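Report on one structure; see the data block that follows.
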Number of protein chains: 4
Amino acid sequence: MSKIRVIIAGPRGKMGKAAVKMVHLNEKFELASVLDHKYDGQMLNEIDGFDKYTDIPIFTNIEECLQKSNADVLVDLTTPEFGFLHTKTTLQYGVRPVVGTTGFTLTQLDEIKQLAEEKEIGCIIAPNFAIGAVLMMKFSQMAARYFNDIEIIELHHNQKLDAPSGTAVKTAEMISEVRKKKEQGHPNEKETISGARGANIDGMHIHSVRLPGLIAHQQVMFGSEGESLTIRHDSYNRDSFMSGVKLSIETVMNASTLIYGLENIIE
Amino acid sequence: MSKIRVIIAGPRGKMGKAAVKMVHLNEKFELASVLDHKYDGQMLNEIDGFDKYTDIPIFTNIEECLQKSNADVLVDLTTPEFGFLHTKTTLQYGVRPVVGTTGFTLTQLDEIKQLAEEKEIGCIIAPNFAIGAVLMMKFSQMAARYFNDIEIIELHHNQKLDAPSGTAVKTAEMISEVRKKKEQGHPNEKETISGARGANIDGMHIHSVRLPGLIAHQQVMFGSEGESLTIRHDSYNRDSFMSGVKLSIETVMNASTLIYGLENIIE
Amino acid sequence: MSKIRVIIAGPRGKMGKAAVKMVHLNEKFELASVLDHKYDGQMLNEIDGFDKYTDIPIFTNIEECLQKSNADVLVDLTTPEFGFLHTKTTLQYGVRPVVGTTGFTLTQLDEIKQLAEEKEIGCIIAPNFAIGAVLMMKFSQMAARYFNDIEIIELHHNQKLDAPSGTAVKTAEMISEVRKKKEQGHPNEKETISGARGANIDGMHIHSVRLPGLIAHQQVMFGSEGESLTIRHDSYNRDSFMSGVKLSIETVMNASTLIYGLENIIE
Amino acid sequence: MSKIRVIIAGPRGKMGKAAVKMVHLNEKFELASVLDHKYDGQMLNEIDGFDKYTDIPIFTNIEECLQKSNADVLVDLTTPEFGFLHTKTTLQYGVRPVVGTTGFTLTQLDEIKQLAEEKEIGCIIAPNFAIGAVLMMKFSQMAARYFNDIEIIELHHNQKLDAPSGTAVKTAEMISEVRKKKEQGHPNEKETISGARGANIDGMHIHSVRLPGLIAHQQVMFGSEGESLTIRHDSYNRDSFMSGVKLSIETVMNASTLIYGLENIIE
């Protein structure tokens, strides 16, 4: 089987570096080129920290990049602004995009969907590439059909500014799609200190722990008479995203429309 | 909607007592009668501890019980020996069995399956009625498609004789059906004290913790670069089985064959 | 060595029943009598559920009980009101009280302390007899000297009315005695849904989870660059209190003043 | 108060780099010089990755280093072989050593102890600088006085070769000093798959989990009727050692003998 040829857009960011390494090491993939906003015309191994990746051209213009790379897939790890333009152009050239972003509007997603279907090729956009996190959310939604009482504890380092985390809110929203509405806890429960029972989304409670040392963790707890079920994800570093990028590259080759969210390619 | 009329076989065991109570309290169900090996002809409320269940006859003969109870479902919580006879007889009378047992042989299951299909009615046989435990096993199997490295820690009170637990072995077997074979751990790893790395099933490792105070707990851990996913079930008492009995009674009404294991009625 | 003779006050409550059983089974102890508000003059084995405890007289009058029982220790498991009177009378008779209560006022404690010192005998009053819980609090206080960032998660069944739990507040107070004051979390952190960051005691955060199935659990988390330390206690049932009652009976024999809280007899 | 002047031996290793940074950032400390086996006579900021540390001389000869640095403390993060020589020489020069190693023999420790007492200055040798890990071990030993049933689960990445981990064995040994001997589990328990019950040290059981993604984690579980107590340490990276190095530098200034193990400077 011939290898899947991959372009990485944004190779010098944290995610980009990990993706270059993963594509380089995976025997089913071949790194075709990289798209950067600097270093046009140079080779990747001329850049500090990338010495081992030989014969990989750098482009700054996406059209030239797509024309000359003979690629199957473009993995975009830049910003939402550039990502949207890159995704459209990539589709127009018949190349399949894999995009990691939470930043696209519904209108943008719709435009991308139409373009993918017109071209009859796949496109995967994933707000979260950590397969473990995606499974945690998917399993939580499945369990919510059988457990009506659910609390989410998310734990992050104390440099995080917002609480609850985006993943916790997304999890609660996915659960709400299937869960029978219920205001949890005892009807007469009292907070003797305000905030003790956490944030409330549709009657579910969410608790945000912030401590130095922690990285990114979430556990979803389901309770019923005599038992509890807990689904927990621990993310230690960005390597956790690479299994999802790998799965997306493989899956996008056989898709012919837009797939939004890894939960839709996990069975 | 008319209520589902239920016979409980084995009403005085721990599970039986909980089932009588659950059926009595659930507004969709109606307790038709009980099947016991004692007290033939008496009423259930004459028995110590069952005072509040009025107008429920006790039978010791299953055929008479089925003939006179006008029931839809018979929930069998007796022993494998009686359970098998009860299940066959129940099907022959056109009543749907819900049976909690791990004790049937494949030949017995086959015979029950044929009978159910002949009669075109459902029959549910569940080795485990705790929905949380069943979900833990099901999710573990699903996650094993994406995570190849898996360890199981099961924790029970120190009165338990066998290690690993039946649930842990069952979980490992379900995982093995989908997991790519792999001998886990470092190829050169060494146990400086024998047993440290636990029991080995198909290259997965299982660890059995036994402590006074503990009840019945299991966690399945999945590891991949930069992340881990953990699915944990805590069982505190027998009430945990009742949600599964309830779901089975509802589901068996719309089934027309044998369903073995709650994992097959959970979506 | 002669056995320690023990009176149980309140033998028919949940704690009392467990204490009667524990004293009866422990070879260092001997059940001398019980103090109840009913059944004066009867023997304990005439009462339903206590058949196996022979030759144990029941008293309703504490003075008569103390005069006739030749006891070393009286374990009071009644109410704060009766408990206070019992404790004083017990000390006046030269018998050592072990009292499980959170309900005494500071004035009452002071009065008891003076009486114990006058009589030169020990008296132990414990708000919590679960040694595991007491160790959790003690260790948390010790760890707080080295970790300034602390969050408490307490988890209880959903029939509990107050949040946070008394044990969580007590833990936070014990920690505050030694912890350098600090408002935790990022100075600019924002709750996008109110309550996410939990209750705040002296800058520490406390989160109260309530789910059916759960019993009584608490974990105290300490975070520092690159590491976290977690101390967790799970209480499954009232048996957990008996190790503390046992330790208190042994310890009170060698004490000559009031000891308030098991943390002061644990080394 | 004048700053404590510190020499770092082994500044280019992982621990060394973290220590240089910690000493540089801490306002109570001052980096006096570094001891390396290369770069004699150069300044630290001439070395790649150390640009921001100005005016710090590099020495390769320890005697010259000690003579010219006017230091209070030498932190040795080299190897056991060099570490032993460094420690002795440092003491001979009246400078206080802080050494991170598990590699010294009892004879070597004895020699160091005598030298420290002769010179009447402190010396701290720590097999583990992570305060969280040290507290876990210390608390475990304390809890073992009250809980006789103990199991240890240690979890590490799958590149670790030995099982159980050194920390787990050390923890078990510390516990054994105070725990009443007991063969845990049911007397008739059977391993249906060998290894399920883990490694056995003095009747305690130890379980070693190995998974990609994990870093270094250990939980010690104590069980008793109705309750369990769990003490867990998670180590995410080498930053966790720096709080222990910092505490050691401060403490060694007021010591006048050898202190082996941080558990002895933690109250």
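In what follows, every chain begins at residue 1, and chains take the letters A, B, ... in the order their sequences are listed. Keep in mind it's a predicted model, so treat the numbers as computed, not measured. Atoms considered below: every heavy atom in the structure, side chains included; atoms not considered: hydrogens, waters and symmetry mates.
Shown here are the ring-ring contact (aromatic ring centres under 6.0 Å, His included) partners of F241(A), two or more places apart in sequence or in another chain: there are none. For A116(A), the side-chain contact (heavy atoms from CB on, under 4.5 Å) partners two or more places apart in sequence, or in a different chain, are L91(A), C123(A).
Per-residue heavy-atom pair counts under 4.5 Å with chain A were compared for I193(C), I150(C), L155(C), and the maximum is reached by I193(C). Contact count against chain C (heavy-atom pairs under 4.5 Å) is highest for L211(A) among V169(A), I215(A), L211(A).
The CD1 atom of I153(C) sits 4.5 Å away from the CD1 atom of I153(A) when rounded to the nearest 0.5 Å.
Within 6.0 Å of CG on L25(A) lie more than 12 heavy atoms contributed by other residues, nucleotides or ligands.
When heavy atoms are compared at a cutoff of 4.5 Å, I206(A) approaches chain C solely by way of its backbone atoms N, CA, C and O.
Contacts classified as ring pair (Phe, Tyr, Trp, His ring centres under 6.0 Å) and involving residues 159-184 of chain C (residues at least two apart or in different chains) are not found.
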Please tabulate, one pair per line, the N or O donor-acceptor pairs under 3.5 Å between chain A and chain C.
from    : atom 1 : to      : atom 2 : distance (Å)
E151(A) : OE2    : R210(C) : N      : 3.3
N158(A) : O      : H186(C) : N      : 3.4
L161(A) : O      : K190(C) : N      : 2.7
A163(A) : N      : K190(C) : O      : 2.9
A163(A) : O      : T192(C) : N      : 2.7
A163(A) : O      : T192(C) : OG1    : 3.2
H186(A) : N      : N158(C) : O      : 3.4
K190(A) : N      : L161(C) : O      : 2.7
K190(A) : O      : A163(C) : N      : 3.0
T192(A) : N      : A163(C) : O      : 2.7
T192(A) : OG1    : A163(C) : O      : 3.2
A196(A) : O      : S208(C) : N      : 2.8
R197(A) : NH1    : S208(C) : O      : 2.9
S208(A) : N      : A196(C) : O      : 2.8
S208(A) : O      : R197(C) : NH1    : 2.8
R210(A) : N      : E151(C) : OE2    : 3.3
P212(A) : O      : S224(C) : N      : 3.2
S224(A) : N      : P212(C) : O      : 3.2

